[in-house]
Amino acid sequence: SASYWEDAIAAAPVDTGMFTFCCNKTYMGTPGSLQLPCDEYFVGLVCSAGTMVAGVSGAMDHAILNNQLFWGQSDLLAKWFDRWHGDEARNITVGESTDFLESNIIGNILYAERGVKLLVGSFASLFGTPRGLLLRDLASRHGVALAWAFGGGAMNRTNPAAAKMQSFRPDVRLLDSTTARSGLVNVSAPDAALDALDEVWAEAAEAHAGAAVVPASQALALWAAAKAAVPSVLHLDTPAAWDCSDWHACLGRSRAGECACYRDRDDLAVVV
């Protein structure tokens, strides 16, 4: 949010983990350090071209320039604006999803002030699992809304080069049934629809119990069933500029056309 951005955000030009594993020679030469096939995972990365000087509010030009230098591309900024402000979502590749500037909050985020506005769980790996239950419990204990996004369940994990070229369209986030029943937000659904989503949870639990990694085709089928189970008011689009007038209180615009927002707006201090 603007509250954090003004006072406590530093934005690295590129993903700091990637830079550490692939460009930081001190780390790479340390015994026991994680060694990645960076030429396969991060095609086009030129470690010597840019500098890792963070950007802050009011001083971001150098960070944006260094991002483009690191990746050796001149059209990244145009792609970002198209992705953020374009009229329609467009397909991007897995490789393009790593082109971001990494914004980091330099400070403590307080749940009591709803510093965390929304938890987004990876559907393919967590929905219907014991870890998914832990995420539900965390959201409930702190009074934070929980949603699900499909995540990387359809990624090609055996061929990094092929995985980088996989194309996907940003999809909706589904509000969890526990959030919809809690009264935290101004949108909900009939009990029958929420019960149907819980049935998909049970199906996912059975699938995870029988396999270490749920096959992509099965994960996609479960995701389709979850989306079909609940009405469009619980389908939230990825946030875009000007979607909602009160960004401190709202999570995003639903496919039904209304903004899903916290009911207790007067309590909101800072959000992210």
> Passes side-chain contact (heavy atoms from CB on, under 4.5 Å), Thr51 versus His62? Steps please.
Replying inline: CA-CA 9 Å; Thr51 59; His62 65 283; over 6 Å; no
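- Using modelled atom types, one finds a donor on one side chain and an acceptor on the other under 3.5 Å when comparing Ser125 with Ser122.
- Side chain of Arg173 to main chain of Ala149: no donor-acceptor pair is present (N/O by atom type, distance under 3.5 Å, no hydrogens or angles).
- Linking Ile, Leu, Val, Met, Phe, Trp and Tyr whenever their side-chain heavy atoms come within less than 4.5 Å puts Leu36 and Phe19 in one cluster.
- The CG atom of Asp237 sits 9.0 Å away from atom CZ of Arg253, with the distance rounded to the nearest 0.5 Å.
- Among all heavy-atom pairs drawn from Val187 and Ala260, the shortest one is CG2-CB, 3.9 Å.
- One N or O on the side chain of Lys117 and one on the backbone of Cys250 form a donor-acceptor pair closer than 3.5 Å.
- Between the side chain of Asp176 and the backbone N or O of Leu146, no donor-acceptor pair lies under 3.5 Å.
- A donor-acceptor contact shorter than 3.5 Å is absent between the side chain of Ser254 and the backbone of His235.
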>> side-chain contact (heavy atoms from CB on, under 4.5 Å) for Cys47 and Met18? Distances and angles first, verdict last.
In response: CA-CA 10 Å; Cys47 292; Met18 175 198 69; over 6 Å; no
>> Using side-chain contact (heavy atoms from CB on, under 4.5 Å), reason through Leu222 and Phe127 one step at a time and then give a plain yes or no.
In response: CA-CA 10 Å; Leu222 288 166; Phe127 192 83; over 6 Å; no
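- Nearest heavy atom pair, residue Val185 against residue Thr179, reads CG2-CG2, 4.2 Å.
- Below 30°, between 30° and 60°, or above 60°: for Trp223 and Phe150 the angle between ring planes is between 30° and 60°, a tilted geometry.
- For Arg131, the side chain to side chain donor-acceptor pair (under 3.5 Å) criterion is met by no residue, not counting sequence neighbours.
- Residues Val46 and Trp71 do not share a hydrophobic cluster, clusters being chains of Ile/Leu/Val/Met/Phe/Trp/Tyr side chains in contact below 4.5 Å.
- The hydrophobic clustering, which links ILVMFWY residues whose side-chain heavy atoms are closer than 4.5 Å, places Leu133 and Trp148 together.
- In this structure, Asn186 contributes its side chain and Cys259 its backbone to a donor-acceptor pair below 3.5 Å.
- Here the side chains of Leu138 and Tyr111 are in contact, with some heavy-atom distance below 4.5 Å.
- Under the 3.5 Å distance criterion, the side-chain polar atoms of Thr30 are matched with a main-chain donor or acceptor of Thr26.
- Of the possible donor and acceptor atoms, one in the side chain of Asn104 sits under 3.5 Å from a partner among the backbone N and O of Glu102.
- Residues Phe42 and Met52 share a single hydrophobic cluster, defined by chaining ILVMFWY side chains whose heavy atoms lie under 4.5 Å apart.
- A continuous path of hydrophobic side-chain contacts links Ile105 to Leu119 [ILVMFWY only; heavy atoms under 4.5 Å].
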Taking only distance into account, with no hydrogens and no angle test, what donor-acceptor pairs under 3.5 Å do side-chain atoms of residues 203-211 form with protein atoms, sequence neighbours excluded?
residue	atom	partner	partner atom	Å
His208	NE2	Ala124	O	3.4

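- Once rounded to the nearest 0.5 Å, the distance linking CG of Leu236 with CG of Leu175 reads 4.5 Å.
- Using the six-membered ring where Trp is involved, Phe21 and Tyr27 have ring planes that are tilted, between 30° and 60° apart.
- What you find for Ala145 and Leu251 is that their closest heavy atoms are CB-CD1, 3.8 Å.
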>> Walk me through whether Leu174 and Val172 qualify under side-chain contact (heavy atoms from CB on, under 4.5 Å).
In response: CA-CA 6 Å; Leu174 294 182; Val172 297; 4.2 Å; yes
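- Inter-residue side-chain proximity for Asn66 and Ile64 is flagged as unmet; no heavy-atom pair is nearer than 4.5 Å.
- Salt bridge status for Asp195 with Arg181: present, with a side-chain N to carboxylate O gap under 4.0 Å.
- In this structure, the separation between CG on Asn67 and CG on Leu101 is 5.0 Å, given to the nearest 0.5 Å.
- Per the SG-SG cut-off, Cys22 and Cys38 are bridged by a disulfide [distance under 2.5 Å].
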